[in-house]
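Here is the structure we will look at.
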Amino acid sequence: AGALKVTDNSSNEVFGVQGGGKAYFNYGPVGIGTTAPQDYHANADNLVVKAPAHGGISIITGNQHEGVLAFGDGTGSNMQVTL
């Protein structure tokens, strides 16, 4: 299976879909419900979810599986705090 890659006018890769349904953004910030996520707090605008009234984020998993929200300052497995 091939991959889909989207580039900007300078040939920088900004979005892609790999085999197995894995998608990535290589350029940010990303907005859901907004076209201007960069207008929000500069230290928290990498992913902005905006709703016109009530808003929220849900992490739903299958039966007897764990949903995780993790924060970290590195990429190693010992660098994260999981909630």
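Everything quoted here is computed from the prediction, not taken from an experiment.
When all heavy atoms of G55 and A51 are compared, the closest pair comes out as CA-CB, 3.7 Å. Nearest heavy-atom pair across P37 and P29 is CG-O, 3.7 Å. Of all the heavy atoms in V48 and D45, the pair that sits closest is CG2-CA, 3.8 Å.
Between atom OH of residue Y24 and atom NZ of residue K22 there is a gap of 12.5 Å, rounded to the nearest 0.5 Å. If you take NZ on K50 and CD1 on I32, they are separated by 13.5 Å, rounding to the nearest 0.5 Å. Distance check, rounded to the nearest 0.5 Å: NE2 of H65 to CD1 of I60 gives 14.5 Å.
For T34 (side chain) and A36 (main-chain N/O), a donor-acceptor pair under 3.5 Å exists by modelled atom type. Distance alone, capped at 3.5 Å, places no donor-acceptor pair between the N26 side chain and the F15 backbone.
There is a path of hydrophobic side-chain contacts, each under 4.5 Å, that joins V30 to I57. In terms of hydrophobic clustering, with Ile, Leu, Val, Met, Phe, Trp and Tyr side chains grouped at heavy-atom distances under 4.5 Å, V6 and V17 are assigned to a common cluster.
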